[in-house]
Amino acid sequence: MIKVYNTLTREKEIFKSIIPGKINMYVCGPTVYNYIHIGNARSSIAFDVVRRYFEYRGYQVNYVSNFTDVDDKIIQRAREEGVDEMTIANKYANAFIEDTLPLNIQPATVRARATEVIPDIIVFVQDLIDKGYAYEAKGDVYFRAKKFKGYGILAHQDLNEMTENAAGRLDDEEMTRKEDPIDFAVWKATQAEDEISWESPWGNGRPGWHIECSVMAQKYLSNTIDIHGGGIDLAFPHHTNEMAQSEAHTGQKFVNYWMHNGFVNVNNEKMSKSLGNFTTIHDMLKHYDDPMTIRLLLATTQYRRPINYSSDTLTQARVALDRIRTGYRNLLFRLNTAAVGKDADLEVTIKKQIAVFEMAMDDDFNTPNALAAVFELVTLANTYADNKTVKVETVQYLLDTILLLLGVFGITELNDKPQITDAQKQLLAARVSARVAHDFELSDQIRQQLSEGGVIVEDTAQGQRWHQA
RNA sequence: GGUAAUAUAGCCAAGUGGUAAGGCAACGGUCUGCAAAACCGUCAUCGCCGGUUCGACUCCGGUUAUUACCUCCA
């Protein structure tokens, strides 16, 4: 029984999919006008973990995410760089794909793009007009927010105050177009001749922000979807508006479970493109060669909580991951010297930790508690590996279990295939001989030499063990 | 101003009405030719003030601080 915190109800609810065994989820992807930063990555990773856990639990997950590839910021960026909008959009959409690959984020089942669904958007908007939920004004089309019952409840905002706030921001010209300051654009008239645009019943224009997600969620999933995810900042206005549009359009509930991840902070301030205090994944990957550390770092905090990003927390995550890898390797080394059979008692203990892991993840994806269970298994692995005799089936079971559970966090490789030179192989062999001969001076010297070449040698009761630094 | 969230050891971070998981760091042991790795042990009374309760860190009220959202933003 999996419980999911639903932003709409502000409660953890028992999860039940519409179709048994299958899940339709939509996660808001980036507006592609810049490289993604760690905050954006957190969102992708948080929902990747959600997806992987559902898959671990046996669900078939249909995961749709989008690129919003037409938008004010893209147009502005194109202006600044003197290129057309699609050049910008394609560049950063590709960068997103490149940057998320090393982070081991599974590709969406469908990766949709706003510009690919313009005809669907136009149909959608026309329907809103036909139903009286939207109106055209000088080429723009606005949604009558107050006509939609319950507008604003997702973000728990007071309608009157929202209206006041909105009014304060609008200029006179906008006020004359909008019936109500709180109304939002579902279609925007083209502002300049050279701007990207599509023909529509309301003249040349482009989609407003929000509408693309409503359209794509419906087109690639269904009228009612199980889960809709995104950063907490999207609760308002983005998801609020999506919900209003979609439900006005279909007359059905749009989303059963709204999930929102917390922010990544830097110095206790949110990391954001507008504040300029962001570290892009693109840059980070250039200077940091162990992207799995990011995945572990994010797993140490529950997805709804804010997380502070710093070199300290990153280092701690790196060390923690090393501990897991070392334990895994230590046990893996015993595979060579394991006896046939299994240790039934230990397997019972392992199963207990699996249960702890699952209980934690069932509770709204409590990765910190789940991770604690993994660490218990690592300690078990190290302790077991220290035994005089170990049984091959149990060693393998423990190895498989650690990898299986970490796989839910997207950490799917713990022992990168070591690559050593023939010379290093010979040195390792020579060192074994030296130790047999009790020539410690020579063996220490060889160990030093290997270490300089990045091969770390350790001596155990079962002989010489080595790994790459 | 409105609406929320958060406040737990040096750091990161879970958690329950009955005396605080896990990781990092630190300290002390064990093992080891040495080293490394590992294992064992030690290390907090939960922002502040009240209240409810036999008992609260866990509920209620207040207070302080921090952060976020209130149409750029994951």
Side-chain angles (χ1 to χ4, degrees), chain A residues 10 27-31 33-34 36-47 71-73 76 145 152 155-158 160-162 164-166 168-170 181-185 208-210 229-238 240-241 260-265 268-275 278 296-297 300-302 304-308 310 312-321 323-324 326-327 329-330 333 356 360 366-376 378-379 381-383 385-386 435 438 440-441 443-444 447-448 451 456-461 465-467:
Chain A
R10 285 195 215 166
V27 176
C28 284
T31 298
Y33 70 101
N34 201 343
I36 59 164
H37 60 238
I38 295 164
N40 299 300
R42 181 186 198 189
S43 189
S44 296
I45 288 173
F47 291 104
D71 154 280
D72 289 345
K73 293 185 293 295
Q76 191 192 330
H156 307 99
Q157 297 287 326
D158 181 80
N160 293 327
E161 298 213 6
M162 284 162 77
E164 280 177 37
N165 283 323
R169 285 162 203 259
L170 296 182
I182 205 172
D183 292 349
F184 58 91
W209 185 40
H210 320 307
I232 185 61
D233 59 321
L234 294 184
F236 186 84
H238 188 57
T240 294
N241 292 350
H260 294 97
N261 65 277
F263 275 117
V264 174
N265 295 147
N268 280 337
E269 202 177 43
K270 76 167 179 172
M271 177 181 292
S272 83
K273 290 178 183 172
S274 54
L275 289 175
F278 58 91
L296 192 77
L297 173 63
T300 60
T301 303
Q302 207 264 353
R304 283 190 283 122
R305 294 266 203 149
I307 185 169
N308 209 34
S310 69
D312 269 5
T313 54
L314 195 63
T315 300
Q316 286 184 13
R318 172 64 180 260
V319 174
L321 183 57
R323 173 173 163 75
I324 294 168
T326 302
R329 266 201 316 262
N330 289 169
F333 179 69
V356 170
N366 192 325
T367 54
N369 277 344
L371 187 59
V374 173
F375 277 108
E376 294 297 338
V378 169
T379 299
N382 278 318
T383 305
D386 270 348
R435 283 181 59 76
H438 282 76
F440 293 122
E441 202 178 326
S443 76
D444 287 357
R447 180 170 63 195
Q448 178 61 27
S451 160
I456 308 301
V457 179
E458 295 161 359
D459 297 310
T460 75
R465 177 173 79 195
W466 62 271
H467 68 272

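Only a predicted model underlies this, so the values are computations on that prediction, with no experimental measurement involved. First the proteins, then the strands, lettered A, B, ... as listed; each starts at 1.
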Atom [atom1], compared across [N] and [M]: separation rounded to whole Å:
| N | M | atom1 | value |
| --- | --- | --- | --- |
| B/rU32 | B/rA37 | C1' | 10 Å |
| B/rU19 | B/rC46 | C1' | 12 Å |
| B/rA35 | B/rC49 | P | 49 Å |
| B/rA38 | B/rC24 | P | 9 Å |
| B/rA25 | B/rC57 | C1' | 25 Å |
| B/rG10 | B/rA26 | P | 16 Å |
| B/rG47 | B/rC11 | P | 14 Å |
| B/rA21 | B/rU42 | P | 12 Å |

What nucleotide, of [options], holds the atom closest to the side chain of [X]?
| X | options | value |
| --- | --- | --- |
| A/Val264 | B/rC73, B/rG33, B/rA74 | B/rA74 |
| A/Asp459 | B/rC73, B/rG22, B/rA35 | B/rA35 |
| A/Asn330 | B/rC72, B/rA37, B/rA21 | B/rA37 |
| A/Lys270 | B/rG23, B/rA38, B/rC73 | B/rC73 |
| A/Thr326 | B/rC70, B/rC12, B/rA38 | B/rA38 |
| A/Asp444 | B/rA74, B/rA25, B/rG33 | B/rG33 |
| A/Asn261 | B/rC70, B/rA37, B/rA74 | B/rA74 |
| A/Thr301 | B/rA13, B/rC73, B/rA38 | B/rA13 |
| A/Ser274 | B/rG23, B/rA13, B/rC73 | B/rC73 |
| A/Asp386 | B/rC69, B/rA38, B/rA74 | B/rA38 |

Would you say [N] has OP1 or OP2 under 4.0 Å from some side-chain N or O of [X]?
| X | N | answer |
| --- | --- | --- |
| A/Thr379 | B/rC39 | yes |
| A/Arg323 | B/rC39 | yes |
| A/Asn265 | B/rU67 | no |
| A/Arg305 | B/rA7 | yes |
| A/Asn308 | B/rC11 | no |
| A/Arg10 | B/rA4 | yes |
| A/Asn165 | B/rC70 | no |

Paired with [N]: which nucleotide, if any, by Watson-Crick or G-U wobble criteria at under 3.5 Å for both distances?
| N | answer |
| --- | --- |
| B/rA20 | none |
| B/rU42 | B/rA26 |
| B/rC69 | B/rG2 |
| B/rA7 | B/rU64 |
| B/rC57 | none |
| B/rG33 | none |

Compare all side-chain heavy atoms of [X] with those of [Y] and state whether any distance is below 4.5 angstrom.
| X | Y | answer |
| --- | --- | --- |
| A/Ser43 | A/Asn261 | yes |
| A/Thr300 | A/Leu371 | yes |
| A/Asp386 | A/Thr460 | no |
| A/Thr240 | A/Gln157 | no |

Using a strict cut-off of less than 4.0 Å between a Lys/Arg side-chain nitrogen and an Asp/Glu carboxylate oxygen, indicate whether A/Arg435 and A/Asp459 qualify as a salt bridge. yes
In whole Å, what is the span from the [atom1] atom of [X] to the [atom2] atom of [N]?
| X | N | atom1 | atom2 | result |
| --- | --- | --- | --- | --- |
| A/Asp312 | B/rA26 | CG | P | 13 Å |
| A/His467 | B/rA37 | NE2 | P | 9 Å |
| A/Met162 | B/rC69 | CE | P | 15 Å |
| A/Leu170 | B/rC70 | CG | P | 15 Å |
| A/Phe263 | B/rU67 | CZ | C1' | 11 Å |
| A/Phe333 | B/rA36 | CZ | P | 18 Å |
| A/Glu458 | B/rA36 | CD | C1' | 5 Å |
| A/Arg304 | B/rA68 | CZ | C1' | 15 Å |

Looking at every strand, decide which applies to [X] at a 4.0 Å heavy-atom threshold: base, sugar-phosphate, or nothing.
| X | value |
| --- | --- |
| A/His37 | base |
| A/Gly152 | nothing |
| A/Ala320 | sugar-phosphate |
| A/Arg318 | nothing |
| A/Phe375 | sugar-phosphate |
| A/Gly39 | base |
| A/Leu234 | sugar-phosphate |
| A/Leu297 | nothing |

Let me spell it out: for each of A/His156 and A/Glu441, pick the nucleotide of RNA chain B with the closest heavy atom. Which residue's pick is nearer the 5' end? A/His156
Using a 3.5 Å distance criterion without hydrogens, assess whether the side chain of A/Thr301 forms a donor-acceptor pair with backbone atoms of A/Leu297. no
Can you tell me if A/Asp71 and A/Thr31 form a side-chain donor-acceptor pair at under 3.5 Å? no
A/Thr313 and A/Arg318 side chains, donor-acceptor separation under 3.5 Å: no
Would A/Phe236 and A/His238 satisfy ring-ring contact (aromatic ring centres under 6.0 Å, His included), going step by step from the backbone distance to the final call? CA-CA 5 Å; A/Phe236 186 84; A/His238 188 57; over 10 Å; no
Any donor-acceptor N/O pair under 3.5 Å between B/rC11 base and A/Gln316 side chain: yes
So which heavy atom on A/Lys273 is nearest to which on A/His37, and how close? CG-ND1, 3.6 Å
